[in-house]
Amino acid sequence: MNDFFLIKYGPEILRHTLEHLFMVSIAIATATLIGIPLGILITRQTHLRQPVLGFANILQTIPSLALFGLLIPIPVIGGIGVVPAIVALTLYSFLPIIRNTYTGITGVDPAIREAGKGMGMTDRQLLLQVEIPLAMGVILAGVRVATVIAIGIATIAAAIGAGGLGVFIFRGIAVVNNQLILAGAVPAAIIALIADLGIGWLEKKLKIKK
């Protein structure tokens, strides 16, 4: 290659990387703010466990390009651009966050719960002071998985005009140019790796040994 693709497309890569990060950050923040409370809810209201996890599982099985397409005709959250892309990424991020929150909290040693109750702790105090801190490592693992998945799926967002690093990939496929494909794929892989390592580090720092 006469021109290394990261140098050749440098300014454009930076712009699309920022678009990519914006979409993923908003989607993961939204999925976390909704998913963790839902995961907590189904530990208390067990009859909701199957419907909530079932819905999240169904969302995960829909092909990413199909989900982007299905959102196009929906008012407000649909159409073309960044908004439907963020909605789709948020929906895809629910399953690992909800499931890990549920698994983490229900996995707390029952003896620890009984000890807390014996000390006169209310259910709210038990949740906030015992269960969530003990489950934090598992919960963050769910956020970690969701983030890496979202970074990869966000490349599809270019198909509906949302920008991001997928722009290079679609352009590269259209003109059969490997440099363009790599200009999108390599930065996306690097971002996913950094996110995985970063959240993994945070997970270890915040994890409380049982």
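Quick caveat, the model's predicted, so the values are computed rather than measured.
Proximity of Thr103 to Arg99: side-chain heavy atoms (C-beta onward) are separated by under 4.5 Å at one or more points. Side-chain contact between Phe168 and Gln179 is absent, with no heavy atoms from C-beta onward closer than 4.5 Å.
Using a 4.0 Å cut-off between charged nitrogen and carboxylate oxygen, Arg44 and Glu131 count as a salt-bridge pair.
Between Ile36 and the options Leu41, Ile132, Ile139, a side-chain contact (heavy atoms from CB on, under 4.5 Å) holds for only Ile139.
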For residues 141-165, which side-chain donor-acceptor pairs fall under 3.5 Å, sequence neighbours excluded?
{"from": "Arg144", "atom 1": "NE", "to": "Asp196", "atom 2": "O", "distance (Å)": "3.2"}
{"from": "Arg144", "atom 1": "NE", "to": "Asp196", "atom 2": "OD1", "distance (Å)": "2.7"}
{"from": "Arg144", "atom 1": "NH1", "to": "Glu203", "atom 2": "OE1", "distance (Å)": "3.2"}
{"from": "Thr147", "atom 1": "OG1", "to": "Val143", "atom 2": "O", "distance (Å)": "2.7"}
{"from": "Thr155", "atom 1": "OG1", "to": "Gly152", "atom 2": "O", "distance (Å)": "2.6"}

Which pairs would a plain distance check flag for residues 50-63, meaning a side-chain donor or acceptor within less than 3.5 Å of a matching protein atom at least two apart in sequence or in another chain?
{"from": "Asn57", "atom 1": "ND2", "to": "Leu53", "atom 2": "O", "distance (Å)": "2.9"}
{"from": "Thr61", "atom 1": "OG1", "to": "Ile58", "atom 2": "O", "distance (Å)": "2.7"}

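In the hydrophobic clustering of ILVMFWY residues, with side-chain heavy atoms under 4.5 Å counting as a link, Val175 and Ile13 come out together. Note on Ile72: it clusters hydrophobically with Val82, by side-chain heavy-atom contacts below 4.5 Å among ILVMFWY residues. Taking hydrophobic clusters as Ile, Leu, Val, Met, Phe, Trp and Tyr residues chained together by side-chain heavy-atom distances below 4.5 Å, Ile28 does not share a cluster with Leu33. Tracing side-chain contacts under 4.5 Å through hydrophobic residues (I, L, V, M, F, W, Y), one reaches Leu140 starting from Leu127; they form part of the same cluster. Cluster annotation: Ile80 and Phe68 are assigned to the same hydrophobic cluster (Ile/Leu/Val/Met/Phe/Trp/Tyr, side-chain heavy-atom contacts under 4.5 Å, transitive).
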Could you give me the CA-CA distance, side-chain angles and deciding distance for Arg113 and Val130, then say whether side-chain contact (heavy atoms from CB on, under 4.5 Å) is met?
-> CA-CA 8 Å; Arg113 286 199 190 90; Val130 178; 5.8 Å; no
Thr90 and Thr30: CA distance, side-chain angles, deciding distance, side-chain contact (heavy atoms from CB on, under 4.5 Å) verdict = CA-CA 7 Å; Thr90 301; Thr30 305; 3.8 Å; yes
Residue pair Ile74, Ile77: steps toward the side-chain contact (heavy atoms from CB on, under 4.5 Å) verdict = CA-CA 6 Å; Ile74 299 177; Ile77 64 171; 3.6 Å; yes
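Here the CD1 atom belonging to Ile181 is positioned 11.0 Å from the CZ atom belonging to Phe170, to the nearest 0.5 angstrom. With rounding to the nearest 0.5 angstrom, the CG atom of Leu134 is 10.5 Å from the CD1 atom of Ile105. One finds the CG atom of Leu65 at 10.0 Å from the CG atom of Leu70 (value rounded to the nearest 0.5 Å). Between the CD atom in Glu114 and the CE atom in Met119 there is a gap of 13.5 Å [rounded to 0.5 Å]. To the nearest 0.5 Å, atoms CD1 (Ile199) and NZ (Lys204) are separated by 13.5 Å. Here Leu180 contributes atom CG and Tyr9 contributes atom OH; the two are 4.0 Å apart, rounded to the nearest 0.5 Å.
Between the Ser25 side chain and the Phe22 main chain, no donor and acceptor come within less than 3.5 Å of each other. Of the possible donor and acceptor atoms, none in the side chain of Arg49 sits under 3.5 Å from a partner among the backbone N and O of Thr43.
The shortest heavy-atom contact between Ala27 and Leu89 is CB-CB, 3.5 Å. Nearest heavy atom pair, residue Gly35 against residue Ile98, reads O-CG1, 3.6 Å. Minimum heavy-atom separation, Gly69 to Pro73: O-CD, 3.6 Å.
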